[in-house]
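Data first, discussion second: the structure below is written as structure tokens.
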Amino acid sequence: MPELAEVEFYRRRWNPGLGHVVTEVRLHPKASVFRGMDPIEIGRRLIGATLRSSEAAAKQMLFRFTAADTTPLWLGIHLGMTGELSAQPTGYTPAKRDHLVLGQAGRSLVFSDARMFGRVQIAIGKEEPAWWTEIAPAILSSAFTVEAVSIFLQRRGRTAIKPVLLMQERFPGIGNWMADEILWRAGIHPKRLAGSLAPSEIKALHRETRRVAEGALKIIGAADTIVLPDPPKTWLFPHRWENGGKCPKTRAPLIREDIGGRTTCWSPGRQKL
DNA sequence: TCCTATGTTGTATG
DNA sequence: ACATACAACATAGG
């Protein structure tokens, strides 16, 4: 599920653990979410460490710990397609999909991921790890300019705009639903080649990318609810999966089709080829 | 049984 | 070296 704003939402679910020591680590050592890393090593390092702070960027999260001897310890989590974080009562017993459980006095911090496209990694030392610092500059930062977008679209000129919006090196945090939302707002057909967009369309795309990111972070990322909130009916989001779904702006039936290997939803008439 | 799924990455090809 | 397209990863739910 998780794109930019959902990642931020889930990151905050571990906030109750801030300032507390990890006293027990339970994990599924064979789970592929650990990728190349040694799960035993991850568990060993985290025991006795205190959770100090966390950040989200693009679709990733960074949890900063300090070990008992004050050595900085960085825990990186990518939620993949089905990952979630939660805080559970003390002594929580890991279920099948709970690949990493950090036990603290008072609560357990749980990472679960059914499909295991997610990733868990750690790094040790003063410097933030490269896999964190190398994430592209945020969409809401000053580095995300019309110029930067324009250059990128020219370089990917022969590819449909939809899959280009999913490229994390320029659109960090954008996923399938946000990409459709952006194109729908900007009035651009998802099959248009990236290199074919007029300057005015590039401007609109840039503007709506920012607005969707900003709106999603406000509605989803900052929500204080137990359950992940959905954007309002005025967005494409609540209509994109329903059969017979209609465009909230034109009331025309929405179209769904595979583009670049991902189901894409758009509003005919509003978004023309 | 069959199909789909809010993601990334490795590989083949041009 | 760069750009492009797509299979593969692993599992649950309709």
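Residue numbers start from 1 in every chain, and the chains themselves are labelled A, B, ... in the order their sequence lines are given, proteins ahead of strands.
- One atom, CD of A:E169, and another, C1' of C:dC2, lie 12 Å apart when rounded to the nearest Å.
- Checked against the 6.0 Å centroid criterion, the rings of A:F144 and A:H206 qualify as a close aromatic pair.
- You'll find that the side chain of A:R115 is closest to C:dA10, out of B:dG7, C:dA12, C:dA10.
- The ring of A:W74 has its center no closer than 6.0 angstrom to the ring center of A:F65.
- Here A:R211 does not pair with A:E214 in a salt bridge; the nearest charged N to carboxylate O distance is not below 4.0 Å.
- For the pair A:R119 and B:dT9, the criterion of a side-chain N or O lying under 4.0 Å from OP1 or OP2 is met.
- A:R97 has no carboxylate O lying under 4.0 Å from a charged side-chain N of A:E84, or vice versa, which leaves the two without a salt bridge.
- Note on A:G261: nothing from the nucleic acid sits closer than 4.0 angstrom, heavy atoms only.
- Applying the 5.5 angstrom centroid cut-off and the 30 degree plane-angle cut-off, the aromatic ring of A:F117 is not stacked upon the base of B:dT8.
- Remark: A:H78 is not in phosphate contact with B:dG7, judged by side-chain N or O atoms under 4.0 Å from OP1 or OP2.
- When distances are taken from the side chain of A:M116 to each of C:dA12, B:dT4, C:dA10, the shortest belongs to C:dA10.
- Ranking B:dG7, B:dA5, C:dA12 by closeness to the A:E3 side chain, first place goes to B:dG7.
- Within residues 150-161 of chain A, the residues having any heavy atom closer than 4.0 Å to DNA chain C are, in order of number, A:R155, A:R156, A:G157, A:R158, A:T159.
- Here A:K96 does not reach the OP1 or OP2 of C:dT11: none of its side-chain N or O atoms lies under 4.0 Å away.
- A salt bridge does not link A:R44 with A:D38: every distance from a Lys NZ or Arg NE/NH1/NH2 to an Asp or Glu carboxylate oxygen is 4.0 Å or more.
- Distances shown here put every side-chain N or O of A:Q168 at or beyond 4.0 Å from the OP1 or OP2 atom of B:dG7.
- Note: CD (A:E6) to C1' (B:dG7) measures 13 Å, nearest angstrom.
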